[in-house]
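Below you'll find the structure, written out as structure tokens, and then a few comments.
Any value given below was found using the heavy atoms of this structure, including those in side chains, with hydrogens, waters and symmetry copies removed.
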Amino acid sequence: MVNGLQLFERRQNAVSQGVGVFVPTTTKSARGARITDLDGNSLIDFGGGIGVVNAGHCPPPVVKAIQEQAEKLLHTCFHISTYEPYVALCERLINLFPHGGQAKAMLTNTGAESVENAIKIARQATKRPAIICYSDAFHGRSMMGMTLTSKINYKLNCGPFAPEVYRLDFPNVYRRAGTRSESQFAADELRNLEHFCHTHVDPESVAAIIIELVQGEGGFNVAPIPYVQGLRHFCDRHGILLIVDEVQSGFCRTGKWGAYQHYGIEPDLTTWAKSMGSGMPIGAVVGKRAIMDAATPGTIGGTYLGNPVCCAAALATIDYMQDQQLNQRAVALGQTVMDRFRSMAEWAQPIGDVRGLGAMVAMELVRDRKTKTPHPDLCERLCALCLERGLILLKAGGDKNIIRVLSPLTISETDLKEGLDIIESSMRLVLEEAHV
Ligand code: PMP
């Protein structure tokens, strides 16, 4: 049997270093919220494969559905021969996400593909070229996904990027609201948007605005409700489509099927992936029927999109999420994490902010609460110590100074408490080392 070190050596020899290592662990197998590594250690997983295993690792009914589907059919290509799991999954999705009326859906393999297709559909539906996106956004590593993504490290020397993409500042309350109330800040940000449309791009040439309502890679920045409602009105006034990227926030993570369901708005298009298939490569674009049908036949799709085994996994995942009441579970779990982080912030000065929505909870580490200067070193050390103590923890944010929790929503109370205890004791040690 290969051990962890040996596998890393083989990886270094055989795999491009461009495929980054975010956490230096290995995995032999995983169940629920626990990963067993190649050296036999059992790790608590607060990373969830970057938000993919909301329903836990290898949920038994999903594994069974995959096995049964694999026996029947692996592939035809949906363009060549129509099979039921694809249609059944689209039916489920448009039921969960009616988009204010009757929706339609298409399936993809990944989050980036969902974004890519949503943009193509929006352009075809509006016959307009421009797209507006946000600072700190992450929308994937395809060419359009990368263009829309904010963080430079994800796209170093990969340009030229796609044209007609304009970037607005994200309404980041912690970083930018100052002493303003949330509603005042939202009103000011909406005024900035109007101004942006005089100085940067004519709104009549904008096909869509794409936003993560809770930014994932950006560090769980939650867009204020009045801002998003104002954004919806702005889009309506100018015939711009509102695309909500739910790739990380979707499928029970925030305590609802989609984060947009907290906001009292209906998007025109939504993009999905990650936890939808419990780890199988599947995503979707869902949207208003007329918009989805504006795509000319043949312009969206692909060989593998909506593979039958992946569709079966997604259908079983949705059933399992419903059976296990994962939305309710996410609310309770998020509250537990939020309470613990807030109580840590009482003694840990570098915790500048604790925020989130449902079970999407983060803490932002800063050198000084007044200047809010990011503290990536502390964040790095904290994650390393947690890993030594058996907890996988992910960083986020353009400055890598944010800790985010994306544990499976099925995690047991014992594992959750143990994970939070590890974060707390590691924080004490890090602060002692740093003499804070
Ligand atoms: N959008 C968002 C909001 C994401 O968080 C991600 C992945 N982190 C993507 C798109 C891209 O998804 P994928 O890696 O499956 O292409």
Side-chain angles (χ1 to χ4, degrees), residues 20 22-23 45-56 93 96-97 108-118 133-142 145-146 148-151 154 170 172 210-223 228 243-263 267 269-286 314 317-318 321 326-327 330-331 333-334 337 355-364 392-398 400 402-409:
F22 300 155
V23 183
D45 185 11
F46 270 21
I50 321 192
V52 171
V53 292
N54 287 355
L93 293 171
L96 287 174
F97 312 116
T108 68
N109 295 309
T110 66
E113 278 178 346
S114 300
V115 167
E116 203 78 24
N117 281 288
C133 60
Y134 286 89
S135 60
D136 285 315
F138 186 91
H139 296 292
R141 288 185 179 79
S142 58
M146 240 188 330
L148 296 169
T149 290
S150 179
K151 190 168 161 178
Y154 286 124
F170 188 82
N172 181 323
I210 183 165
I211 186 168
E212 297 160 85
L213 298 177
V214 185
Q215 291 190 314
E217 301 309 305
F220 291 9
N221 308 306
V222 185
V228 176
I243 305 176
V244 175
D245 184 345
E246 294 273 8
V247 167
Q248 193 158 152
S249 56
F251 287 95
C252 307
R253 177 50 54 185
T254 67
K256 297 207 183 273
W257 289 99
Y260 80 82
Q261 292 164 335
H262 292 275
Y263 282 81
L269 293 165
T270 46
T271 53
W272 309 86
K274 291 205 189 259
S275 277
M276 181 177 154
S278 291
M280 296 299 278
I282 185 141
V285 183
V286 188
T317 297
I318 295 168
M321 287 172 162
L326 287 196
N327 279 319
V331 174
L333 192 154
V337 178
R355 57 176 175 259
L357 186 63
M360 234 174 152
V361 181
M363 63 162 88
E364 177 150 0
I392 295 179
L393 194 58
L394 297 185
K395 297 184 278 273
K400 293 192 183 166
I402 298 160
I403 297 287
R404 58 175 154 164
V405 177
L406 281 171
S407 70
L409 302 172

Taking every non-hydrogen atom, the tightest pair across Gly258 and Trp272: CA-CH2, 3.7 Å
Polar side-chain atom of Ser150 near backbone of Asp136 as donor-acceptor pair, under 3.5 Å: yes
Ile50/Phe22 under side-chain contact (heavy atoms from CB on, under 4.5 Å): CA gap, chis, key distance, verdict: CA-CA 10 Å; Ile50 321 192; Phe22 300 155; 4.3 Å; yes
Min side-chain heavy-atom separation Thr110-Arg141 under 4.5 Å: no
Nearest-0.5 Å distance that lies between atom OG1 in Thr108 and atom CE in Met276: 7.0 Å
Passing option when Phe46 is tested against Leu393, Ile392, Val337 for side chain to side chain contact (heavy atoms under 4.5 Å, CB included): Leu393
Met321 and Phe251, any side-chain heavy atoms less than 4.5 Å apart: yes
Heavy-atom closest contact (Asn221 atom, Arg355 atom, distance): OD1-NH2, 3.2 Å
Pair Trp257 and Phe97, ring centroids less than 6.0 Å apart: no
Side-chain (Asn54) to main-chain (Ser275) donor-acceptor, under 3.5 angstrom: no
Between CG on residue Leu269 and CD on residue Glu246, distance to nearest 0.5 Å: 12.5 Å
N/O donor-acceptor pair under 3.5 Å between Ser135 side chain and Phe170 backbone: yes
Min side-chain heavy-atom separation Gln215-Phe138 under 4.5 Å: no
Between CG on residue Leu148 and CD1 on residue Ile211, distance to nearest 0.5 Å: 13.0 Å
Side-chain donor-acceptor pair present, Asp245, Thr271, cut-off under 3.5 Å: yes
Lys395 NZ to Arg404 CZ distance, which is reported to the nearest 0.5 Å: 10.0 Å
Ala55 to Ser278 - nearest heavy-atom pair and separation: CB-OG, 4.0 Å
Rounded distance (nearest 0.5 Å) linking atom OH of Tyr154 with atom CE of Met146: 13.0 Å
Nearest atoms (heavy-atom pairs only) where Leu406 meets Gln248: CD1-OE1, 3.4 Å
Thr270 OG1 to Ile243 CD1 distance, which is reported to the nearest 0.5 Å: 9.5 Å
Side chains of Ser249 and Thr254, donor plus acceptor under 3.5 Å: no
Closest approach of Gly255 to Asn327 (non-hydrogen atoms, all atoms of both residues): C-OD1, 3.1 Å
Shortest non-hydrogen contact from Ala330 toward Arg253: CB-O, 4.0 Å
Heavy atoms of other groups near Lys151 NZ, more than 12 under 6.0 Å: yes
